[in-house]
Amino acid sequence: MTEQIDKALAREYEAGFVSEIESDTFEPGLNEDVIRRLSQIKGEPEWMLDWRLKAFRVWQEMEEPDWAHVDYPKIDFQAIAYYSAPKSMQDKPKSLDEVDPELLRTYEKLGIPLIEQQMLAGVAVDAVFDSVSVVTTFRDKLEEAGVIFCPISEALHKYPELVKQYLGSVVPTKDNYYAALNCAVFTDGSFVYIPKGTRCPMELSTYFRINEQNTGQFERTLIIADEGSYVSYLEGCTAPQRDENQLHAAVVELVAMDDAEIKYSTVQNWYPGDEEGKGGIYNFVTKRGICHTNAKISWTQVETGSAVTWKYPSCVLKGDNSVGEFYSVALTRGRQQADTGTKMIHLGKNTRSTIISKGISAGKSNNSYRGLVRMNPGAKGARNFTQCDSLLIGDQCGAHTFPYVESRNPSAIIEHEATTSKVSDEQMFLCQQRGLDPEKAVSMIVNGFCKEVFKELPMEFAVEAGKLLEISLEGSVG
Amino acid sequence: MSNENVLLSIKDLHASVEEKNIIKGLNLEIKPGEVHAIMGPNGAGKSTLGYVLSGREGYEVDSGSVSLGGEDLFDMETEERARAGLFLAFQYPVEIPGVSNLEFLKASVDATREANGEEAITSADFLKQAKEACKKVNLPVSFLKRGVNEGFSGGEKKRNELMQMLLLKPKLCILDETDSGLDIDALQVVAEGVNSQRSDERSFIVVTHYQRLLDYIKPDYVHVLSDGKIVKSGDASLALELEAQGYSWLQTEPAEDELEG
């Protein structure tokens with residue numbers, strides 16, 4: 001049985017190709033001069049450079065955290081290049097016609113055509129390649145609605161006041177080691193502003209691609225949903241298959257003003273490394289949103305890639321009656337390690353949060369859920385419900401749950417449910433006795449286990465996520 | 001070798017589980033449309049036979065041969081045997097949480113169709129068939145949306161197995177102690193479902209400990225399995241005889257756990 005499942009789990013990483021694109025890449029190394037050069041290339045205002053330098057000094061004083069249930073060799077931050085951009089992007093192409101066709105082909109190969117006519121109607125895409133944004137589609141249509149969706153480097157020029165006001169307002173520079181590093185060296189990412197009372201007419205999406213060798217990707221995303229507005233945002237990510245580990249340290253900040261709603265979905269498919277754990281992305285990400293009165297933030301993530309994942313999309317429920325949700329599927333196989341979960345910080349009255357986490361471990365991988373639910377003294381009548389399910393495939397993997405609960409308000413109600421199960425021989429036999437091959441059987445059982453999370457994804461993405469799991473579980477059988 | 005008129009031919013089958021011999025020289029021939037009951041005490045190898053035929057992992061064939069429709073059964077993978085028309089109705093059907101019955105059944109039906117070179121059935125056609133099947137086995141249509149066997153009662157699970165059989169239209173159905181855990185009403189529903197599926201193209205192996213089920217599903221032949229071999233065969237009247245006298249008069253040596261009741 002184990003052998004059968006292992007076979008079914010073996011897979012090719014389909015996004016592992018390298019694009020032949022000439023790039024301008026910094027020499028590896030990190031110091032204040034590197035940050036100055038980076039800021040200069042991007043033509044940033046003085047205050048931005050100061051902000052970066054301040055962060056860099058903070059970062060230098062910090063220690064790399066070691067509390068996560070993951071194990072990897074110490075990262076040499078001087079061996080990483082902190083900026084890489086395709087040469088063809090130097091002249092800032094004004095339209096798709098001017099974009100290097102090889103770049104467009106890269107995204108097409110990944111299933112993200114950037115030609116608007118070929119795209120899924122209703123999804124606008126910002127394509128980030130290494131350190132720069134290649135193109136953002138459907139901008140005219142969004143502008144009509146007053147929605148701003150552009151690379152954050154561009155927002156710094158066009159909307160400096162908005163960026164200055166909110167950048168670092170949810171994840172402060174000192175928050176943690178990788179967030180501080182990101183503040184110092186972030187390159188590009190998406191900026192979104194939804195005006196008051198506006199329902200964003202399209203799904204917004206950013207697709208991150210690491211291509212260049214030995215570079216890190218440090219993207220920064222900032223989404224502001226003004227009072228009474230709504231936006232659904234999706235991100236996807238892939239990288240070539242390489243023997244060296246690469247660092248991805250992103251920061252995402254969400255601001256949901258009164259009565260606003262942000263739905264943030266991620267399908268993370270960074271290169272996970274090979275069967276023996278060689279290569280793969282270190283995915284150390286800080287994601288947090290703040291909810292004002294009656295606002296709602298919903299995080300949905302499907303994590304199938306990366307060698308090491310360290311990620312806790314969180315909600316600060318500041319306003320009364322605000323709502324935070326976290327729906328997660330994390331699949332680890334081979335030697336992958338994931339330590340992921342969420343933090344729900346209840347500050348306001350009658351705030352509510354829901355956490356549904358589904359961890360699937362296969363091969364020799366380790367999968368941990370780590371979550372914090374905190375009820376502050378002001379969180380009168382607050383409620384949390386947490387459900388944490390682990391599915392084990394085979395007998396050499398690990399599933400771990402680290403729930404932290406802190407309640408400082410006696411009227412708050414916190415519920416936690418957890419289960420651990422296995423893909424059983426009986427289930428496999430039933431499926432096969434009904435004519436399903438082992439691959440299909442495993443993927444069906446796993447998809448069933450994840451159903452509660454998949455139903456939270458936007459439709460186009462739910463299909464994609466299902467397929468991704470299927471690909472993840474697809475093997476060489478037959 | 002194989003006779004065209006024989007659906008299943010078992011010749012001198014020896015099989016073991018965890019290196020313990022369970023089936024010890026079993027012979028059986030089943031023609032299309034026949035219903036064979038296999039009875040016997042606990043530990044005789046009744047369930048093992050079903051698992052060996054359907055290809056469950058851990059059930060090793062030591063020697064002998066089995067052909068299904070002229071094909072060597074042991075050349076086929078578990079799922080290929082299923083697609084070739086072998087269906088096992090489980091004694092204790094397992095749950096698959098989150099996978100809807102409808103999704104599961106359609107995947108099963110499509111796998112068989114694909115193996116036969118047919119296209120996948122359309123969702124609309126399949127839904128229609130599935131609803132009819134629900135009605136026949138007396139399950140509310142809402143069960144199609146529920147997870148496979150998830151939270152079903154014992155009787156509902158058995159009826160769900162029967163529904164799968166109706167949709168997959170197998171050539172050979174092995175009912176593994178389908179009567180266990182059923183009250184008399186549920187037993188009747190299941191038996192009626194089976195009877196409605198009897199045809200010249202479908203054969204049954206009804207594995208049971210008790211004669212009770214055979215009041216409702218009339219077998220053409222009854223075989224007594226004891227210590228891994230068929231020790232006596234006869235017509236339906238043999239079942240009644242067993243009911244009256246028990247199994248001990250047929251046994252060459254006593255089974256580990258004698259009749260419990």
Side-chain angles (χ1 to χ4, degrees), chain A residues 1-8 327 329 356-360 387 389-394 417 419-456 462-463 465-466 469-470 473 477-478, chain B residues 50-51 53-59 76-116 145-150 157 160-161 163-165 167-170 172-174 176:
Chain A
M1 180 56 50
T2 312
E3 191 191 324
Q4 256 178 3
I5 293 173
D6 278 351
K7 262 204 221 161
Y327 300 98
V329 166
I356 310 282
S357 164
K358 304 275 181 177
I360 303 143
Q387 185 187 327
D389 298 326
S390 305
L391 183 69
L392 297 163
I393 302 176
E417 286 179 11
T419 66
T420 302
S421 52
K422 287 190 78 163
V423 174
S424 70
D425 292 2
E426 282 90 354
Q427 287 173 331
M428 288 295 286
F429 179 56
L430 170 62
C431 291
Q432 287 177 264
Q433 212 303 303
R434 296 301 183 253
L436 306 180
D437 55 46
E439 281 173 15
K440 176 80 184 164
V442 174
S443 92
M444 195 178 247
I445 293 166
V446 170
N447 268 295
F449 174 75
C450 301
K451 189 158 278 178
E452 282 164 281
V453 173
F454 285 171
K455 74 177 192 328
E456 297 298 328
V463 175
L469 271 194
E470 206 146 313
L473 298 164
V477 179
Chain B
Y51 290 147
L53 294 179
S54 54
R56 181 163 193 174
E57 201 171 85
Y59 290 76
M76 297 185 233
E77 299 287 345
T78 307
E79 61 271 20
E80 290 168 341
R81 297 180 197 186
R83 293 171 196 160
L86 188 152
F87 181 93
L88 176 69
F90 289 84
Q91 185 177 1
Y92 303 110
V94 67
E95 299 189 1
I96 308 181
V99 177
S100 80
N101 239 338
L102 194 67
E103 179 188 356
F104 177 73
L105 290 172
K106 185 168 185 308
S108 302
V109 168
D110 282 343
T112 301
R113 289 173 70 103
E114 198 186 314
N116 294 332
K145 285 195 177 161
R146 287 175 58 176
V148 176
N149 295 320
E150 201 179 345
K157 283 181 181 172
N160 203 35
E161 292 287 290
M163 179 168 73
Q164 293 171 34
M165 190 179 95
L167 290 168
L168 286 166
K169 304 185 177 66
L172 175 68
C173 305
I174 304 170
D176 185 13

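Here is the naming used below: chain letters follow the sequence lines, and residue numbers restart at 1 for every chain.
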Student: Under 3.5 Å, side chain of Q433(A) to main-chain N/O of L86(B), donor-acceptor pair present?
Tutor: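 Flag set: sc Q433(A) to bb L86(B) pair under 3.5 Å.
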Student: Any donor-acceptor pair under 3.5 Å linking the side chain of E161(B) with the backbone of A89(B)?
Tutor: no
Student: Do the ring planes of F90(B) and F429(A) sit parallel (below 30°), tilted (30 to 60°) or perpendicular (above 60°)?
Tutor: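 Plane angle over 60°, so perpendicular.
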Student: For E103(B), is it the side chain, the backbone, both, or neither that has a heavy atom closer than 4.5 Å to a heavy atom of chain A?
Tutor: both
Student: Would you mind checking which part of F104(B) comes under 4.5 Å of any heavy atom in chain A, side chain (CB onward), backbone (N, CA, C, O), both or neither?
Tutor: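 Both backbone and side chain.
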Student: Just checking, R434(A) and F87(B): is the charged tip under 6.0 Å from the six-membered ring centre and within 45° of the axis?
Tutor: yes
Student: Need one label for L88(B): side chain, backbone, both or neither, based on atoms under 4.5 Å from any heavy atom in chain A.
Tutor: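 Its backbone and side chain both get close to chain A.
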Student: Report which part of R56(B) has an atom under 4.5 Å of a heavy atom belonging to chain A: side chain, backbone, both, or neither.
Tutor: both
Student: Quick check on the interface: out of V94(B), V148(B), I96(B), who has the most heavy-atom pairs with chain A under 4.5 Å?
Tutor: V94(B)
Student: Need one label for V109(B): side chain, backbone, both or neither, based on atoms under 4.5 Å from any heavy atom in chain A.
Tutor: neither
Student: Taking every non-hydrogen pair under 4.5 Å, which of A84(B), A111(B), S108(B) racks up the most with chain A?
Tutor: S108(B)
Student: Q164(B) side chain to L105(B) main-chain N or O, any donor-acceptor pair under 3.5 Å?
Tutor: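 A pair under 3.5 Å: no.
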Student: Please determine whether side-chain contact (heavy atoms from CB on, under 4.5 Å) holds for the pair K358(A) and L391(A), giving the CA-CA distance in whole Å, both sets of side-chain angles, and the decisive distance to 0.1 Å.
Tutor: CA-CA 8 Å; K358(A) 304 275 181 177; L391(A) 183 69; over 6 Å; no
